[in-house]
Novice: 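Below is one structure. I have some questions about it.
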Amino acid sequence: MVKFYNTMSKKIEEFIPGGEKKESINDYPPVSIYSCGPTVYGFAHIGNFRTFLFNDILRRFLKFRGFKVNHTMNITDVDDKTIKGALSEGVSLKEYTARFTDIFFEDLKKLNIEEFEHYPRATDSIDAMNEIINRLEKKGLVYKDNNSIYFSISKYSDYGKLSKIDPESIKSGTRYDTDEYHKDDIRDFALWKEISKEEPGWQIDLGYGRPGWHIECSAMIRKIYNTTIDIHTGGVDLVFPHHENEIAQSEAAFDEPFVRYWLHAEHLLVDNSKMSKSKGNFYTLNDLIEQGFSSRAIRYLLLTAHYRKQFNFTLDNLKNASQPLSRIDNLVLNCEKSQKSGEIRELIKDRIDKLINDFTSSLDNDLNVSGALGHFFEAITDFNKYYTESNFTLEESRIILECLQKIDSVLGIIFFKEEKKVSLSEQDIEDYIIKRDNAKKDKNWDEADRIRDLLLDKGVVLEDSKEGTRWKTV
RNA sequence: GGUCUCUUGGCCGAGUGGUUAGGCAGCGGUCUGCAAAACCGUUUACGGCGGUUCAAAUCCGCCAGAGACCUCCA
C-alpha cells in the first residue's frame, strides 16, 4: 500500500488517486501531479535540485508501482527578479528567461531527472489567471488599490488550514515590513500587480499589469487538469504563504477541493544553515562538476537522505559518494562479462524476489529511499557472495540485470549515462592490455607497470583477476 | 515573540514499543609478480534527566543543543 505524508493532515495517509479506492492500481486514472518549479532568473542551486529530485523519485516510484502519471512543473518567467534581471541586462524579459530556462532543463538532464508531461510558463497562462480573478471578483473577494488587485483574506474563512497558521497572528507578526504594502489588511496578497512604464504588462478584464506570484500555479492547474488534483509538491518554504494562498484563491474561485495530497521536501543545509541565494551559501550543479564531481554522485548523495528531513550538504560527503557507486558498477560488470551457460540457482531467484519486495515496501512508506538503498546494498553483498561461489551463468546475469533495471527505474543511479572523459578508444585499451599481458608473461614487470600507469593517467583502471584483465573508467 | 521539526556508532544516514538497516572511513583477510581494483569479515549506537510499560532509540514530560517557517525562497 502506497502511503505519503500529507502536509494538510500532518499524517501519513494511504494514497488513493482520484479520491476513490479501486481494486487494482491499473484501475486508477493517471495521477495528476503539480510541482512548483523554478523562477528562471539565474542558476538553480543544488538545494533547489534536491526538491526537483524528490519530484523525480515520486514520479518514477508511482510508475514503478503501476500508476500512470500526468505531471506538471511550472516555469515562473515573470516576477520581480526576472524583470529586474532583464532590465539590468537591457534584454527583453522573454530573452532573459529563455536563457535560464534552457540552463535549467540542461541541469535536469545532467541529474537524470525524467521529462514531465507539461512545463507551462506563467506568461502563457494569463487567460486562466484572468478567469480566476474574474470569478473571485464576482464573489466579492477582491479589491483594487490603484491598479493592483488583492485577495481579501478576511472574507475567506478557511485561510490557514495548510500551514496551520492563525490568520490573526500574522497581523502581529514582527517580521512584516509594513512599508511595502498598500493594502486594506496586511495579510492580503496580490493577485495582479500594478506596473511601472518599463515593465512588461498584460491586459486582463480588471486592468493592465502583471501576475502576482501565487496566481500562476492556481491558473495552470485549472488550465491543465480542470479540477481537483492528486498531488501538489514543493519545498517546505512554500507552505506559507505560497501554497496557502493558492488554496484560498482556487477553492474560493471553483468551490471544490484544490489538492488531495500536499507533499513538501525539506531544505538542503550548508554548515547547518539553509542553502539559499540570498545567503550566498550555495553550490550550483556546474560549480561541483567543475570541481570534478560527477552529476551521478550528486544525484546519489541528494537521494540518500529522506526527503522530509533536512540534509546537511558537505563536499566530504560528496567525495564519499562515488565509492558506493563503483560497488554497484562492479556488480553490473560481473553480470555483463558472464559467458557461462547453465541453470539459474534457486537462491538467486529468491534473493531477487526478496530485494524487490523489500525495496518496494520501503518506498511504499512515504518514499523511504534510504531504507530502499539499504536493502539494495544488502542484496549486492549477497549477489557478490554467490558470484564468488560460482560465476554467474548467462541466465543468472540476465535476471539480475533485469532486477537492476527495475530498481533503477526508480533510483536512476545504476545505469546512469554519463559522458566519459576517456581519450582512448576501446580498441586502444584492449591493445595496451595485450601488450601488458605479454610483458607480464616475460616477467617484464617494469614495462607492465608502465602500461598500467599510462592507462591510469588517462582515466582507465585495470583490474587483474584469474579470468584475465578487465578495465573500467575512473 | 509565535508556530513547527530535528538530535542515532569516527563520519553520513534508515528504523519509531520487543527482530544485529545500510553506506563511507579505519582495521583484518582473500586475490596478485607487486600494486591497484574487486571481494569477504569487522564484536549493537540512539543528546541529558525523569515517567509509562513485562519491555523504550521508539510513547509522555522537563531540560540542553541545532534548524526551519512567520518576508522573496526549493
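All chains are named by letter (A, B, ...) in the order of the sequence lines, taking the proteins before the strands, and each is independently numbered beginning at 1.
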Novice: Under a 4.0 Å N-O cut-off, is there an ion pair linking A:Asp329 with A:Arg296?
Specialist: yes
Novice: Are OP1 or OP2 of B:A68 and a side-chain N or O of A:Lys279 less than 4.0 angstrom apart?
Specialist: yes
Novice: Categorize A:Arg327 for me: base, sugar-phosphate, or nothing, with a 4.0 angstrom heavy-atom threshold over every strand shown.
Specialist: sugar-phosphate
Novice: Any side-chain N or O of A:Asn320 under 4.0 Å from OP1/OP2 of B:C24?
Specialist: no
Novice: OP1 or OP2 of B:A37 sitting under 4.0 Å from any side-chain N/O of A:Asn330?
Specialist: no
Novice: For A:Thr381, report the nucleic acid contact type (base, sugar-phosphate, nothing); a contact means any heavy atom under 4.0 Å.
Specialist: sugar-phosphate
Novice: Does B:C34 have OP1 or OP2 under 4.0 Å away from a side-chain N or O of A:Lys443?
Specialist: no
Novice: Defining pairs by Watson-Crick or G-U wobble geometry with both distances under 3.5 Å, how would you list the stems of RNA chain B with at least three pairs each?
Specialist: B:1-7 with B:64-70, B:10-12 with B:22-24, B:26-30 with B:38-42, B:47-51 with B:59-63
Novice: Please confirm whether A:Tyr225 and A:Tyr34 have ring centers closer than 6.0 angstrom.
Specialist: no
Novice: Can A:Phe52 be classed as stacking with the base of B:A74, given a centroid separation cut-off of 5.5 Å and a plane angle cut-off of 30°?
Specialist: no
Novice: Which sits closer to the 5' end of RNA chain B, A:Tyr307 or A:Gly37, going by the nucleotide each is nearest to?
Specialist: A:Tyr307
Novice: Counting only side-chain nitrogens and oxygens, does A:Ser276 get under 4.0 Å of the OP1 or OP2 atom of B:A74?
Specialist: no
Novice: Can you find a heavy atom in the side chain of A:Thr82 that is under 4.5 Å from one in the side chain of A:Thr39?
Specialist: yes
